[in-house]
Every structure is written in structure tokens, then in C-alpha cells.
Amino acid sequence: MNGSRSMSSSTGIVWLNTAETARRLGVTPRTLYRFIDEGQLPAYRFGRVIRLKEVEVEEFIDNCRIAPGTMDTEETYAEGAEVSNETTV
């Protein structure tokens, strides 16, 4: 598997584990689980193992794209300040 954490099934589905998915998204596993729990990102449980379809992760990334001219910069800077406060506590 070339060190990759993805698996391919006989149906052509490429499955990702949660660690690989979180790494691809650049988020913590906790944030990934929140995305799953809130229904933002589909996931599948096989026994005790959670897997995500690579194609659905790619669609999630595409859907998170920010369209030009739609960001409220004041709100964005306020969110950034909140994040930095949380990490220093």
C-alpha cells in the first residue's frame, strides 16, 4: 500500500481510516469526529472500525470551498482570535 492508509475494495471504493482522513483535511481527529457526528461528512462503521470513502472526502473538501467575495473578514478575524485564545489556555 506504499505507506498509505487507504484501502481499495473489489468494487473500486477506496476507503480511508480516520487518521488518514484527518491528515488530509488538516484537522484533528476530534474535529473529524465532529464533522461525522454533525452529518457534514458521511462515515461507515464496520464493527469497531470507522471508514470514509475517499470520493466523499474529496466532495466534502470541494463543498468547503469559499467563493470569492463571500467572506466576512471581520468575522474571520474574530474566529481566529477565539482559536488562538483556546490554544493558549
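Annotation for Arg45 and Ile50: closest pair NH2-CD1, 3.9 Å, computed over non-hydrogen atoms. In terms of heavy atoms, Ile13 sits closest to Lys53 at CG2-CG, 3.9 Å.
For the pair Leu25 and Leu32, the minimum side-chain heavy-atom distance is below 4.5 Å. Arg30 has its side chain out of reach of Arg34: every pair of non-hydrogen atoms, C-beta onward, lies at least 4.5 Å apart. Counting heavy atoms from C-beta outward, Leu16 and Arg24 have side chains that approach closer than 4.5 Å. A heavy-atom distance below 4.5 Å is not found between the side chains of Leu52 and Asn17. At a threshold of 4.5 Å between non-hydrogen side-chain atoms, the residues Arg51 and Phe46 count as touching.
Under a 3.5 Å cut-off, the side chain of Thr31 and the backbone N or O of Val27 do not form any donor-acceptor pair.
For Arg23, the side chain to side chain contact (heavy atoms under 4.5 Å, CB included) partners are Glu20, not counting sequence neighbours. With sequence neighbours left out, the ring pair (Phe, Tyr, Trp, His ring centres under 6.0 Å) criterion links Tyr33 to no other residue.
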Donor-acceptor pairs under 3.5 Å, side chain of residues 57-70 to any protein atom, not counting sequence neighbours: which ones?
unit_1 : atom_1 : unit_2 : atom_2 : d
Asn63  : ND2    : Glu59  : O      : 3.2
Thr70  : OG1    : Ala67  : O      : 2.5

